Amino acid sequence: MTRPHLLLLLPCLLLTACKRGEVSDADRQQTIQTQAIRYVQIAQVAAVNAFAEQGQKALPPTPCDDPMFGLKPGRVFTVQSCTLRTDDRGQATVAATFKEGFAVLGDAQGVRVVPEGDLPPLN
């Protein structure tokens with residue numbers, strides 16, 4: 001093999017290596033959902049903290065973006081709606097929908113992606 005062939009082979013190898021680093025749509029969606037789940041987990045903690053700060057009183061349905069909670073919008077997702085509340089025992093429930101086309105529910109059973117129709121009405 002002559003040296004000019006090696007020079008042509010190198011760009012092809014580099015291009016192949018770069019293509020392997022691409023993120024698929026499924027991976028991107030998984031990353032967005034993971035970040036949204038983390039957002040809802042933080043909202044649950046904020047609700048429980050508010051419950052404690054209010055003298056163990058139930059927190060009525062409140063938007064997650066209420067300044068009392070200090071939640072910042074996500075960088076990789078857009079919150080369409082998010083509501084949280086606590087019951088008289090301090091158990092937090094958070095229901096959120098995202099413009100990326102999924103919903104996340106956080107309750108006593110954990111935080112998980114659910115069909116939007118499975119979100120409980122928090123009003």
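This one's a predicted model, so the numbers in the text were calculated from it and none came from an experiment. What's counted below: heavy atoms across the whole structure, side chains too, no hydrogens, waters or symmetry copies.
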Tell me the closest heavy-atom pair linking [X] and [Y], and the distance in Å.
X      : Y      : result
Glu100 : Phe77  : OE2-CA, 3.2 Å
Gln54  : Met68  : NE2-SD, 4.0 Å
Val111 : Gly106 : CG2-CA, 3.9 Å
Ala108 : Gln91  : CB-OE1, 3.8 Å
Leu84  : Ala43  : CD2-O, 3.7 Å

In the single-linkage hydrophobic clustering (I, L, V, M, F, W, Y; side-chain heavy atoms under 4.5 Å), do Val48 and Leu71 co-cluster?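 Per the 4.5 Å side-chain linkage, Val48 and Leu71 are not co-clustered.
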Do the side chains of Val76 and Val113 join up, straight or via other hydrophobic residues, at under 4.5 Å, putting them in one cluster?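 Yes, Val76 and Val113 fall within the same hydrophobic cluster.
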Evaluate the side-chain proximity of [Y] to [X]: yes if any heavy-atom separation is below 4.5 Å, no if none is.
X     : Y     : result
Gln56 : Phe51 : yes
Thr78 : Phe98 : no
Ile37 : Gln41 : yes
Thr62 : Phe69 : yes

Would you find a donor on one side and an acceptor on the other, under 3.5 Å apart, between the side chain of Thr86 and the backbone of Leu59?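 Yes, Thr86 side chain to Leu59 backbone: donor-acceptor pair under 3.5 Å.
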Find the distance between CG (Asn49) and CD (Gln44) and round it off to the nearest 0.5 Å.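 Here the interatomic distance stands at 11.5 Å.
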Passes side chain to side chain contact (heavy atoms under 4.5 Å, CB included), Ile32 versus Phe102? Steps please. CA-CA 10 Å; Ile32 291 169; Phe102 62 94; 3.8 Å; yes
Who pairs with Val114 by side chain to side chain contact (heavy atoms under 4.5 Å, CB included), at least two apart in sequence or on another chain?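 Expected list: Ala103, Leu105, Arg112, Asp118, Leu119.
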Going by the disulfide bond (SG atoms under 2.5 Å apart) test, which pairs reach into residues 57-114, not counting sequence neighbours?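 Residue pairs passing disulfide bond (SG atoms under 2.5 Å apart), neighbours aside: Cys64-Cys82.
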